[in-house]
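Below, read A as the first sequence line, B as the second, and so on, with proteins coming before strands; counting in each chain starts at 1. The figures here come from the full heavy-atom set of this structure, side chains too, leaving out hydrogens, waters and symmetry mates. Since this is a predicted model, take the numbers as computed values, not measurements.
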Amino acid sequence: MKDLKRTKIKELLDAPVIGKKVNVKGWVRTFRNNQFIAINDGSTINNIQGVVDFENTDEKLLKRITTGACISVTGDLAESKGKGQSVEIIVENIEILGDADPEKFPLQPKKHSLEFLREIAHLRVRTNTFSAIYRIRHAMIFAVHKFFTDRGFYNVHTPIITGSDAEGAGEMFRVTTLDPANPAKDEDGNINYKEDFFGKETNLTVSGQLEGETACMGLSEIYTFGPTFRAENSNTSRHLAEFWMIEPEMAFYDINDNMDLAEAFVKYLVNYALDNCSDDLAFLNQRALDDEKTKPQQERSELSLLERLKFVAENDFERVTYTEAIDILRNSKPNKKKKFQYLIEGWGADLQSEHERFLVEKHFKKPVILYNYPKDIKAFYMRQNDDGKTVAAMDVLFPGIGEIIGGSQREERYGILKQRIDEIGIPEKDLWWYLELRKFGSAPHSGFGLGFERMIQFVTGMTNIRDVIPFPRTPDNAEF
RNA sequence: UCCCCCUUAGCUCAGUUGGUUAGAGCGGCUGACUGUUAAUCAGUAGGUCCUUGGUUCGAGCCCAAGAGGGGGAGCCA
């Protein structure tokens, strides 16, 4: 019996062989009627039922089969006599691999709040909801690599520690080995970074884009997929201090090629989830429907999770210039009735969340790509359009999440880029290598960044970003 | 960082105008039952009412400060 090889529950359920002796290892979800064990090993959202002959099993052993305990079960696979499952294991032997004291184990066979589960993030993977999210997250990671690989893109690892302070995407986390209580000082009494590990100030990356651009100017099409760190004091359901971002950079792509790729990419990911995660999505869909029932009619969404995913996969995104968007917003009902907190008056102001939501959720009712933004509200590296006022930037906006992708055609003309850097006042010594790309064999190129967790939010229907990453890092929280 | 809301049993929550001994469901424990499906039935234990200070004869309830959590805004992906 000892040398019988373990079978994963997914394999058992996908291709059951009635009468075969099998061994399964996993965690007890419930133990009903002193007889029926629901066992889950995370290979699928579905449990296998173990049927115990309780009359011929040691009572002390039965007592240890509690919710959360880890067990190994051996027996013959049989067609189930009950109704809720097709097959079950007629248990011959049970081994308790790890007890879970029922008075202390916090998970119960009942619905828990997401807030409570966040506090026990080391255990929440043992729930249906979170194991489904973990599995979908994995499928999406794989799909990202497959999408780009199939198109001839190369994955590039850009540095996590950066010596550049010019990425321009927000506050950075400092990386140092200096003693915080007694740092090395120079003659003027300032901190002497020459004594620091790298001999200069260093930070955690806020974007791999600039390094990614160097790679695309030799490999043509590349993408990065790595951790990203922002020390912004953001407390929202869609921001993390540590998150994962996918950043493709493509030589010879203009802004339209860039938008085409972004749209195809997002649709590919959604389709991949629909095709490969149906059990988990069906569970999350039902979970969301149950959740909706507790809300007032007004706040319920018109489409279910699965309907939303199919809608995005099947419909073209709406592409609208910033200027057109301003016209739509200026003439919109909420603007005329002064319902917007920030009223749209003229051209040039950045759009607020409420405006983006109006365009996506009320006006177009589909994902929207806004492009050609005023240059003054966008980053220095974005390519200036011939009108002298706008840059070839684009944002992909999703319902409920907002900006899921931000990108642009990059400024490839040395003179214009140099002038912009000077205007904004970025020290050229930090960007000499970035400028050299424009000196030696420069080429039109484009790229974008996709917030991976925001994508997972959309695919899983989870409304808080802290629930789609195993151990979220947010201001005042680095537990686990 | 700003605005709003919340914090009562392990979990989810109720608790009347401030009034005696703070409740329910689920979970735990004990027992019954034994083809269950978040099993069912009976019994039982379990409380720093977030913390500190204040008002009051009396505070879970009122006031102030703090802590933790949530929602929204800004920043962005």
Quick one: side-chain contact (heavy atoms from CB on, under 4.5 Å) partners of [X], sequence neighbours excluded?
X: L303(A); result: E307(A), R308(A), F311(A)
X: E263(A); result: K267(A), D316(A), F317(A), R319(A), I369(A)
X: D290(A); result: Q286(A), K293(A)
X: N256(A); result: D254(A), M259(A)

Quick test of your reading of the model: are E453(A) and R137(A) salt-bridged, counting only N-O distances below 4.0 Å?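 Judged by the 4.0 Å cut-off on N to carboxylate O distance, E453(A) and R137(A) do form a salt bridge.
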Rounded interatomic separation in angstrom, taking [atom1] from [X] and [atom2] from [N]:
X: E354(A); N: G74(B); atom1: CD; atom2: C1'; answer: 12 Å
X: F283(A); N: A38(B); atom1: CZ; atom2: P; answer: 12 Å
X: Y342(A); N: C2(B); atom1: OH; atom2: P; answer: 15 Å
X: L450(A); N: C76(B); atom1: CG; atom2: C1'; answer: 13 Å
X: E356(A); N: A73(B); atom1: CD; atom2: C1'; answer: 13 Å
X: D290(A); N: A38(B); atom1: CG; atom2: C1'; answer: 13 Å
X: I401(A); N: A77(B); atom1: CD1; atom2: P; answer: 15 Å
X: E171(A); N: G74(B); atom1: CD; atom2: P; answer: 18 Å

[N] to [M] separation - [atom1] atoms, rounded to the nearest Å:
N: U7(B); M: U16(B); atom1: P; result: 12 Å
N: C63(B); M: A59(B); atom1: P; result: 16 Å
N: U40(B); M: G27(B); atom1: C1'; result: 16 Å
N: G54(B); M: C76(B); atom1: P; result: 47 Å
N: U48(B); M: U30(B); atom1: P; result: 23 Å
N: G66(B); M: A14(B); atom1: P; result: 26 Å
N: G25(B); M: A9(B); atom1: C1'; result: 12 Å
N: U36(B); M: C41(B); atom1: P; result: 14 Å

Sequence neighbours excluded, which residues qualify as side chain to side chain donor-acceptor pair (under 3.5 Å) partners of K110(A)?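 Side chain to side chain donor-acceptor pair (under 3.5 Å) list for K110(A), sorted by chain: empty.
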Just by distance, no angles: are the side chains of E247(A) and S207(A) close enough, under 3.5 Å, to form a donor-acceptor pair?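 A donor-acceptor contact under 3.5 Å links the two side chains.
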Which residues in residues 32-56 of chain A have a heavy atom closer than 4.0 Å to any atom of RNA chain B?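 When residues 32-56 of chain A is checked for heavy atoms under 4.0 Å from RNA chain B, the hits, listed by number, are R32(A), N33(A), Q35(A), F36(A), Q49(A), F54(A).
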Give the residues of residues 233-249 of chain A touching RNA chain B, defined as any heavy atom closer than 4.0 Å, sorted by residue number.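 When residues 233-249 of chain A is checked for heavy atoms under 4.0 Å from RNA chain B, the hits, listed by number, are N233(A), S234(A), N235(A), T236(A), S237(A), R238(A), H239(A), L240(A), F243(A), M245(A).
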Heavy-atom closest pair, residues [X] and [Y]:
X: S237(A); Y: Q457(A); answer: O-NE2, 3.4 Å
X: I469(A); Y: E242(A); answer: CD1-O, 3.9 Å
X: A100(A); Y: G68(A); answer: CB-C, 3.5 Å
X: G406(A); Y: D395(A); answer: CA-OD1, 3.6 Å

If you compare every side-chain N and O of [X] against the phosphate oxygens of [N] (OP1, OP2), does one of them come in below 4.0 Å?
X: Q352(A); N: G74(B); result: yes
X: K63(A); N: U30(B); result: yes
X: R466(A); N: G69(B); result: no

Does any non-hydrogen side-chain atom of Q409(A) lie less than 4.5 Å from one of Y253(A)?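 They are not in contact (no side-chain heavy atoms under 4.5 Å apart), so the answer is no.
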Listing time: all N or O pairs from protein to nucleotides 9-13 of chain B that are below 3.5 Å?
from	atom 1	to	atom 2	distance (Å)
G10(B)	N2	Q108(A)	OE1	3.1
G10(B)	N2	Q108(A)	NE2	2.7
G10(B)	N3	Q108(A)	NE2	3.2
C11(B)	O2'	H112(A)	ND1	3.4
C11(B)	O2	K110(A)	NZ	2.6
U12(B)	OP1	S113(A)	OG	2.7

Hey, could you give me each pair passing side-chain hydrogen bond (donor to acceptor under 3.5 Å, both in side chains) that has a residue in residues 335-354 of chain A? Not counting sequence neighbours.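 Those involving residues 335-354 of chain A are T323(A)-W347(A).
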Please tell me which of L107(A) and G84(A) maps to the more 5' nucleotide of RNA chain B, matching each residue to the nucleotide holding its nearest heavy atom.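 The residue closer to the strand's 5' end, by nearest nucleotide, is L107(A).
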With Watson-Crick and G-U wobble geometry limited to distances under 3.5 Å, how should the secondary structure of RNA chain B be encoded in dot-bracket form, using | for bases paired to another strand and [ ] for crossing pairs? (((((((..((((.....[...)))).(((((.......))))).....(((((..]....))))))))))))....
Would you classify [X] as touching base, sugar-phosphate or nothing, given that sugar-phosphate means primed atoms plus P, OP1 and OP2, and contacts are heavy atoms under 4.0 Å?
X: G82(A); result: base
X: R29(A); result: nothing
X: K104(A); result: nothing

Crowding at NZ, K63(A) (>12 non-hydrogen neighbours, <6.0 Å):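 Atom NZ in K63(A) is not packed in, count stays at 12 or less.
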Of all residues at least two apart in sequence or in a different chain, which pass the salt bridge (charged side-chain N to carboxylate O under 4.0 Å, His left out) check with R473(A)?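 Once residues adjacent in sequence are excluded, R473(A) has no partner under the salt bridge (charged side-chain N to carboxylate O under 4.0 Å, His left out) criterion.
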My understanding is that only residues two or more places apart in sequence, or in another chain, count here; which of them pass salt bridge (charged side-chain N to carboxylate O under 4.0 Å, His left out) with R126(A)?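 Residues passing salt bridge (charged side-chain N to carboxylate O under 4.0 Å, His left out) with R126(A): none at all.
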Ignoring hydrogens and angles, does a donor from either the side chain of S80(A) or the base of G35(B) sit under 3.5 Å from an acceptor on the other?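 Yes, a donor-acceptor pair under 3.5 Å.
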